[in-house]
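FYI, side chains are in, hydrogens and waters are out, and symmetry mates aren't considered; it's all heavy atoms of this structure.
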Amino acid sequence: MLDLKEYGIDMWPKEKVQAFRKALLDWYDANKRDLPWRRTRDPYAIWVSEIMLQQTRVDTVIPYYERFLHHLPTIADLAKAPEEVILKLWEGLGYYSRVRNMQQAAQQMVDDFAGQFPTTHAEISSLKGIGPYTAGAISSIAFNLPEPAVDGNVMRVLSRLFEVDYDIGLPTNRKIFQAMMEILIDPDRPGDFNQALMDLGSDIESPVNPRPQDSPVKDFSAAYLNGTMDKYPIKAPKKKPVPVAYQGFIIRNKDNQFLLEKNNEAGLLSGFWSFPLLEKGAVVDKQVSLFEVAEEVVQLDIRQSFTEYYDMAVDWQKQEFDTVQHIFSHRKWQIELVEGVAETTKLLGTKELKWVSVEDFPIYPFAKPQQKMWEAYVKKMEQ
DNA sequence: AACGCGGGGCC
DNA sequence: GGCCCAGCGTT
């Protein structure tokens, strides 16, 4: 057991811990949000909600949650769903490995747990895509087990309550908050206790514009009482996304179908379909833009590359399109579009390429950058 | 321990 | 434009 004193944290005496639990849970009982996953005890549904809520806001999740459970109401349904179906259900949520891992976990449950959701913390933790936070959340919420669920909200709230001088962004420091929670958590209502801390952290104790004076536990908060709220939580700044320049190819054939390519199984947006993209040799950011002459050379060069790579002769159109920009957490894509008319409708068998008519687009999973590419194309064509 | 992995809301 | 977020798996 980790000694909190070594980290400069004076844990409260038992009476104060009990008073804190009561203050927090009384507030939760009076103020908790009415969310769809709080109306069920089905561990499968609670699991779906917890995975969707990873790095994703409540308001964004709600419609996805309803639709997902409507189409895949049971573990068995998820285990046997085709890839395109699960990607379409997750389309727009991001971090798509979440849903792939969920399907693997569903298959684990079919194989190892007779198709039932496992009921112990160790078994739940053994499922693909379920890490320490999610294991604690499901254990406590669905099975009433006294397991902490330490997420960003909880670390922010606790770091203010106890003036924790350790960076909440460093994985190694998670154990400090885990140890604190093992003492604080209400053994009778662990799920409500965890959710109360998260509700508190996402609203009143939010990262920006917090309202600490409205907190039901402000009298317990060392940072509030000492006037050090601005200092906590300690968190190192993040790195900026790296700019990457692409040429995007909107290629049409004489049957008015468009060329789509399926992304590789590994890497960013795997399994999604895209208009062909080739990375430009040089980085073109706003600040380090190439000279105009060089830009022309790059254009000619990359169209030649397309012809070779896709083994397809193309009649390039003069039309110019808006540049598409999309920012991921770690990459900043800038996509210049060009339109071409292919002189053939045949395709090599080696790549995952298809000619697709516009009315069939809804069948294919498209991530946000590809949606933006199509919007830019349509916008110009309608002018 | 660091990195890869989306997307949207808010200021 | 920059900040934030109900994290996990891989290396």
Touch class at under 4.0 angstrom, heavy-atom based, for A:P369 against every strand present: sugar-phosphate

Phosphate OP1/OP2 of C:dA6: any A:Q54 side-chain N/O under 4.0 Å: no

Ring geometry between A:F220 and A:W12 (parallel below 30°, tilted from 30 to 60°, perpendicular above 60°): tilted

Sugar-phosphate, base or nothing in reach of A:P207, heavy atoms under 4.0 Å: sugar-phosphate

Pair A:F366 + A:W273: ring centers closer than 6.0 Å: no

Under-3.5 Å donor-acceptor pair between A:S97 side chain and B:dG4 base: no

Hey, can you pull the donor-acceptor pairs under 3.5 Å for the side chains in residues 71-88 of chain A, sequence neighbours left out?
from	atom 1	to	atom 2	distance (Å)
A:T74	OG1	A:A76	N	3.4
A:T74	OG1	A:D77	N	3.1
A:T74	OG1	A:D77	OD2	2.9
A:D77	OD2	A:T74	N	3.2
A:E83	OE1	A:K262	NZ	3.1
A:E83	OE2	A:R100	NH1	3.0
A:K88	NZ	A:E91	OE2	2.9
A:K88	NZ	A:P362	O	2.9
A:K88	NZ	A:Y364	O	3.2

Pairwise side-chain contact, A:S215 with A:L200, heavy-atom cut-off 4.5 Å (strictly under): yes

Between B:dC11 and C:dA6 - P atom distance, rounded Å: 16 Å

Interatomic distance where CD1 belongs to A:I327 and C1' belongs to C:dC4 [whole Å]: 14 Å

Options B:dG6, C:dC5, B:dA2, nucleotide nearest the side-chain atoms of A:K238: C:dC5

Sugar-phosphate only, base, or nothing, as touched by A:I130 at under 4.0 Å among non-hydrogen atoms: sugar-phosphate

Sugar-phosphate only, base, or nothing, as touched by A:T172 at under 4.0 Å among non-hydrogen atoms: sugar-phosphate

Listed nucleotide nearest any side-chain atom of A:L170, set C:dA6, B:dG8, B:dA2: B:dA2

Sugar-phosphate only, base, or nothing, as touched by A:K235 at under 4.0 Å among non-hydrogen atoms: sugar-phosphate

Sugar-phosphate only, base, or nothing, as touched by A:T134 at under 4.0 Å among non-hydrogen atoms: sugar-phosphate

Ring centers of A:W316, A:F249 separated by less than 6.0 Å: yes

Candidates C:dG9, B:dG7, B:dG6 - which lies nearest the side chain of A:K368: B:dG7

Sugar-phosphate only, base, or nothing, as touched by A:G92 at under 4.0 Å among non-hydrogen atoms: sugar-phosphate

Ring geometry between A:W374 and A:F275 (parallel below 30°, tilted from 30 to 60°, perpendicular above 60°): parallel

Of A:G94 and A:P171, the one whose closest DNA chain B nucleotide lies more 5': A:P171

Spacing between A:N194 atom CG and C:dG7 atom C1', to the nearest angstrom: 15 Å

B:dG7 phosphate, OP1 or OP2, under 4.0 Å from A:H326 side-chain N/O: yes

Ring center gap for A:W333 and A:Y246 short of 6.0 angstrom: yes

Nearest-angstrom distance, P atom, C:dG9 to B:dG8: 24 Å

Distance flag, aromatic centroids of A:Y166 and A:Y232, threshold under 6.0 Å: no

5′-ward residue of the pair A:S329/A:G129 relative to DNA chain C: A:S329

Touch class at under 4.0 angstrom, heavy-atom based, for A:I46 against every strand present: nothing

Sugar-phosphate only, base, or nothing, as touched by A:R100 at under 4.0 Å among non-hydrogen atoms: nothing

Could you go over nucleotides 9-11 of chain B and give all protein N or O partners under 3.5 Å, atom names and distances?
none

Phosphate contact (C:dG9 OP1 or OP2) by A:K128 side-chain N/O below 4.0 Å: no

Heavy-atom side-chain contact between A:V99 and A:F68 under 4.5 Å: yes

Nucleotide nearest A:P132 when distance is taken to its side chain, options C:dG7, C:dG2, C:dC8: C:dC8

Sugar-phosphate, base or nothing in reach of A:A149, heavy atoms under 4.0 Å: nothing

Closest nucleotide among C:dC4, B:dC5, C:dA6 to the A:S202 side chain: C:dA6

Value in whole Å for how far the P atom of B:dG6 lies from CE of A:M52: 16 Å

Sugar-phosphate only, base, or nothing, as touched by A:P237 at under 4.0 Å among non-hydrogen atoms: nothing

Per A:Y96 side chain, nearest of listed nucleotides C:dG7, B:dA1, B:dG6: B:dG6

Extract all donor-acceptor atom pairs below 3.5 Å that involve side chains of residues 120-130 of chain A and protein atoms in other chains or at least two apart in sequence.
from	atom 1	to	atom 2	distance (Å)
A:T120	OG1	A:E123	N	3.2
A:T120	OG1	A:E123	OE1	3.1
A:S125	OG	A:H121	O	2.9
A:S126	OG	A:E123	O	2.6

Protein-nucleotide distance (A:I234, atom CD1; C:dC4, atom P), rounded to Å: 13 Å

Phosphate contact (B:dC5 OP1 or OP2) by A:H330 side-chain N/O below 4.0 Å: yes

Distance in angstrom units between A:Q55 CD and C:dC4 C1', rounded: 10 Å

Interatomic distance where CH2 belongs to A:W333 and P belongs to B:dG6 [whole Å]: 9 Å

Rounded distance in Å - NZ (A:K239) to C1' (C:dC3): 18 Å

Spacing between A:I51 atom CD1 and B:dG7 atom P, to the nearest angstrom: 18 Å

Sugar-phosphate only, base, or nothing, as touched by A:W37 at under 4.0 Å among non-hydrogen atoms: base

